[in-house]
Amino acid sequence: MSRLRADVTCTATEDGMVLLDQRAGRYWQLNTTGTTVLQAFLNGSTPQQITDALVQARPVSREHAEADVTALIDQFFRAGLVSAP
């Protein structure tokens with residue numbers, strides 16, 4: 001299961017979450033959907049499972065949800081916010 005890197009802190013906000021990469025001094029703001037994706041991913045859900053949940057909960061096409069979930073998870077890794085198991 002992936003996890004946030006030790007030097008990344010997160011704080012819940014009214015409409016999502018803010019992540020702070022302490023190494024780079026960069027903030028990342030996630031809306032509620034981004035927060036849902038991150039939390040599900042960190043809890044062990046696969047991108048397909050996350051996509052399925054979004055399609056059921058929101059008025060979005062499967063193709064759009066799948067592309068967004070994949071892109072967001074890729075961004076988490078490229079930014080160094082999460083580490084692989």
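Treat the numbers as computed from the prediction; the structure is a model and nothing was measured.
A heavy-atom distance below 4.5 Å is not found between the side chains of Thr11 and Leu19.
Without hydrogens or angle criteria, Gln56 side chain to Ala53 main chain gives no donor-acceptor distance under 3.5 Å. Checked by atom type and distance alone, the side chain of Thr36 pairs as donor or acceptor with a backbone atom of Thr32 at under 3.5 Å.
Sorted by first and then second residue, the salt bridge (charged side-chain N to carboxylate O under 4.0 Å, His left out) pairs involving residues 38-58 (not counting sequence neighbours) are Asp52-Arg62. Here salt bridge (charged side-chain N to carboxylate O under 4.0 Å, His left out) pairs that include residues 37-50, with residues two or more places apart or in two chains, number zero. Judged as a salt bridge (charged side-chain N to carboxylate O under 4.0 Å, His left out), not a single pair has a partner in residues 30-41 (not counting sequence neighbours).
With sequence neighbours excluded, the residues that form a side-chain contact (heavy atoms from CB on, under 4.5 Å) with Thr35 are Met17, Leu30, Gln39. For Thr13, the side chain to side chain donor-acceptor pair (under 3.5 Å) partners are Asp15, not counting sequence neighbours. With sequence neighbours left out, Ser61 forms a side-chain contact (heavy atoms from CB on, under 4.5 Å) with Glu63, His64. Here Gln29 pairs with nothing under the side chain to side chain donor-acceptor pair (under 3.5 Å) rule; sequence neighbours left out. Not counting sequence neighbours, Ala67 has no partner by the side-chain contact (heavy atoms from CB on, under 4.5 Å) test. Every residue was checked against the side chain to side chain donor-acceptor pair (under 3.5 Å) condition with Thr9, not counting sequence neighbours, and none meets it. In this view, Asp68 satisfies the salt bridge (Lys or Arg N to Asp or Glu O under 4.0 Å) rule with no residue, not counting sequence neighbours.
Both Leu42 and Leu54 are assigned to one and the same hydrophobic cluster, defined by single-linkage of ILVMFWY side chains at heavy-atom distances under 4.5 Å. Residues Trp28 and Val18 are members of separate hydrophobic clusters, defined by side-chain heavy-atom contacts under 4.5 angstrom among Ile, Leu, Val, Met, Phe, Trp and Tyr.
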Distance-only donor-acceptor pairs under 3.5 Å for side chains of residues 71-85, two or more places apart:
none

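With salt bridges taken as basic N to acidic carboxylate O contacts below 4.0 Å, none links Arg26 and Asp21.
Other residues, nucleotides and ligands contribute more than 12 heavy atoms inside 6.0 Å of the CZ atom of Arg23.
Pairing each heavy atom of Ile50 with each of Phe41, the nearest pair is CD1-N, 3.7 Å.
Within the model, atoms CG of Leu4 and CG of Leu38 stand 5.5 Å from one another, a figure rounded to the nearest 0.5 Å.
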